[in-house]
Amino acid sequence: MGIEMKKVALLATALAMVTGSAFAADMRVKALKAPPVVAFDPWDIAFGGAIMSDYIFRGVTQSNHKPSVAAYFEPRYNVNKDLQLYVGVSAESISFANRAAAEVDIYGGIRPTFGAFAFDIGVWGYLYPGGSCADNVLTGGIPGGNVCGVSTTTIFLADGNVMKKDVSFVEVYGKVNYTINDSFTVGATEYYSPNFLNSGAWGNYASLTAKYTAPSTAFGASGMGMYVSGEFGRQWFGTSDAFYGTGVGTVFANGIPYKDYNTWNIGIGFTYKVFTLDLRYSDTDLNKGDCNAFTSAFNATGTTNVTAINPGGAGSNWCGAAGIAKLSFDLTAMSNLK
């Protein structure tokens, strides 16, 4: 009986060992199974808005140094992790001499990435709905100045400037950013329009940019971030059409060769979740006379700012030094709305 019990015990032990080994092997196989594959969704949407103390575009105010609001909506399609296609629409409130209601931008392009280089190539359309023809009541002493057809919508500017009803135009552009490391990025931009602001003059803008982003630990566990960025650019122009000529019998009766200029800005930004507060200084080297000839400002003053393209002498501060505070929010559907 004792011998039989020992045999039974040995058999049970052997079975337990075999079963245990098989179970352990099965557990190991299960543990090594690959995680389920998540389907890649190439579509995304970016959108956001901003309120700013001044809307500055390449060193020139678009809002008469008054506050402006902006919003944008940008669908995106990620072909892969290194190539994105996009289209978008944005709008900003402005204050032009032709009393256009707003600037509405329609754009689209591609964003390829090659290692540390990120490119952005596309087309940008600037639309200015709601404008009226702005004329000069002083030209020849004739109301309307023979520039705009006089009607109930014609705007008469007492400072001697004129502006077309429609100043919409299109630019093609290319941008590149190079990421040096987690903190430093440098870049370059190039924009070209065959008819800048529908003035008849071609326009070309190029700039260099730089940005420093503080480490994520700079503000501890608060979630805040910080950056410092700057840009130096140059705007070149051709000659306008006769609409903007300086008057019958003058050297520039058939158009104005707008003054090329340099512009620069530098600022600091603070980020928290989807919000950014950007504080920036902007300036150009355009004097008040040449600024007036380019902008057709409705509030130009004086008679002493005489230049070759501004014989009337009125001057504008739309191209001078400006400080801008901008509070914005930016979201993407894939990151913020899941």
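Both backbone and side-chain heavy atoms feed into the values below; hydrogens, waters and symmetry mates do not. Residues: numbered from 1 along the sequence shown. Computed from a predicted structure; not experimentally measured.
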* **Candidate list F294, Y244, Y192, W202, test ring pair (Phe, Tyr, Trp, His ring centres under 6.0 Å), partner F237, passing option** => F294
* Asked: Does the pair D54 and T61 meet the rule for a side-chain hydrogen bond (donor to acceptor under 3.5 Å, both in side chains), with working shown?
  -> CA-CA 7 Å; D54 196 350; T61 182; 2.7 Å; yes
* Between S207 and T189, which heavy-atom pair has the shortest distance, and what is it? -> OG-OG1, 2.5 Å
* Measure up the F169 and F196 rings against each other and bin them: parallel (under 30°), tilted (30 to 60°), perpendicular (over 60°). => tilted
* Verify side chain to side chain contact (heavy atoms under 4.5 Å, CB included) between N204 and E190, making sure each step is shown before the conclusion. => CA-CA 7 Å; N204 186 77; E190 167 65 25; 2.4 Å; yes
* To do: Please examine the side chains of F298 and R99, heavy atoms only from C-beta on, and report whether any two atoms are closer than 4.5 Å.
  => yes
* Check: D290/T307 side-chain N/O donor and acceptor closer than 3.5 Å -> yes
* Test log, rule side chain to side chain contact (heavy atoms under 4.5 Å, CB included), inputs D182 and T213 -> CA-CA 7 Å; D182 290 340; T213 303; over 6 Å; no
* Assess the side chains of D166 and N198: does a donor N or O sit below 3.5 Å from an acceptor N or O? => no
* Are F275 and I51 linked, directly or through other ILVMFWY residues, by side chains that come within less than 4.5 angstrom of each other? -> no
* Asked: Should L83 and Y86 be regarded as members of a common hydrophobic cluster, given that ILVMFWY residues are connected when their side-chain heavy atoms come within less than 4.5 Å of each other, either directly or indirectly?
  -> no
* Atom pair OH (Y272) and CZ (F270), whose distance is rounded to the nearest 0.5 Å -> 15.5 Å
* Asked: Are any of the side-chain nitrogens in E92 or K326 under 4.0 Å away from the carboxylate oxygens of its partner?
  -> no
* Looking only at heavy atoms, which two atoms of A325 and L279 are closest? And how far apart? -> CB-CD2, 3.8 Å
* Quick one: OG1 on T154 to NZ on K165, what's the gap to the nearest 0.5 Å? -> 9.5 Å
* Examine distances only and state if a side-chain atom of N262 and a backbone atom of D285 form a donor-acceptor pair shorter than 3.5 Å. => no
* **Separation of M334 CE from W43 CH2 (nearest 0.5 Å)** => 12.5 Å
* Checking N195 side chain against G200 main chain: does a donor-acceptor pair fall under 3.5 Å? -> yes
* Asked: Ignoring hydrogens and geometry, is there a side-chain-to-backbone donor-acceptor pair from T239 to A201 under 3.5 Å?
  -> no
* Any donor-acceptor N/O pair, N98 side chain to K164 backbone, under 3.5 Å -> yes
* Asked: With no hydrogens and no angle check, do the side chains of S316 and N299 hold a donor and an acceptor under 3.5 Å apart?
  -> no
* Exceeds 12 heavy-atom contacts within 6.0 angstrom, atom CG of N181 -> yes
* **Minimum-distance pair of heavy atoms, taken over all atoms of Y205 and G233** => OH-CA, 3.7 Å
* Structure fact -> Nearest heavy-atom contact between S296 and A97 is O-CB, 3.1 Å
* **Short side-chain donor-acceptor distance under 3.5 Å, N161 and N292** => yes
* Would you check if K259 and I309 make a side-chain contact, meaning some heavy-atom pair closer than 4.5 Å? => yes
* Short side-chain to backbone donor-acceptor contact, R280 and S229, under 3.5 Å -> yes
* Please check if the side chain of T185 supplies one atom and the backbone of T179 the other of a donor-acceptor pair under 3.5 Å. => no
* Is the closest side-chain heavy-atom distance between F219 and T271 below 4.5 Å? -> no
* Asked: Can you find a heavy atom in the side chain of S328 that is under 4.5 Å from one in the side chain of Y72?
  -> no
* Are F252 and P311 close enough that some pair of their side-chain heavy atoms sits under 4.5 Å apart? -> no
* To do: Determine, stepwise, if the pair W318 / Q62 fulfils side chain to side chain contact (heavy atoms under 4.5 Å, CB included).
  => CA-CA 8 Å; W318 283 13; Q62 309 295 287; over 6 Å; no
* **Axial cation check for Y261 ring with R58, 6.0 Å and 45° limits** => no
* To do: Check whether any side-chain heavy atom of F57 lies under 4.5 Å from a side-chain heavy atom of E103, and answer yes or no.
  => no
* To do: In sequence, state the C-alpha distance, the side-chain angles, and the governing distance for V147 and N136, and then conclude on side chain to side chain contact (heavy atoms under 4.5 Å, CB included).
  => CA-CA 8 Å; V147 174; N136 177 357; 6.0 Å; no
* Asked: Is it true that L327 and I324 fall in one hydrophobic cluster, defined by side-chain heavy atoms closer than 4.5 Å?
  -> no
* Residue pair L85 / V79, side-chain heavy-atom distance below 4.5 Å -> yes
* What do you reckon, is CG of D82 surrounded by more than 12 foreign heavy atoms closer than 6.0 Å? -> yes
* State plainly whether one hydrophobic cluster holds both Y173 and Y126, where clusters connect Ile, Leu, Val, Met, Phe, Trp and Tyr through side-chain heavy atoms under 4.5 angstrom apart. => yes
* Between the main-chain N or O of Q84 and the side-chain N or O of N78, is there a donor-acceptor pair closer than 3.5 Å? -> no
* To do: Flag the pair E231 and K175 as a salt bridge only when some basic side-chain nitrogen lies within less than 4.0 angstrom of an acidic carboxylate oxygen.
  => no
* Answer whether the closest heavy-atom distance between the side chains of C133 and F243 falls below 4.5 Å. => yes
* **Side chains of S93 and S68, donor plus acceptor under 3.5 Å** => yes
* To do: Would you please say whether a donor-acceptor pair under 3.5 Å links the side chains of W264 and D283?
  => no
* To do: Verify the neighbour count for atom OH of Y281: are there more than 12 heavy atoms of other residues, nucleotides or ligands below 6.0 Å?
  => yes
* Answer yes or no: is there a donor N or O on one side and an acceptor on the other, between the side chain of T153 and the main chain of S132, under 3.5 Å? => no
* Asked: Should L197 and V172 be regarded as members of a common hydrophobic cluster, given that ILVMFWY residues are connected when their side-chain heavy atoms come within less than 4.5 Å of each other, either directly or indirectly?
  -> no
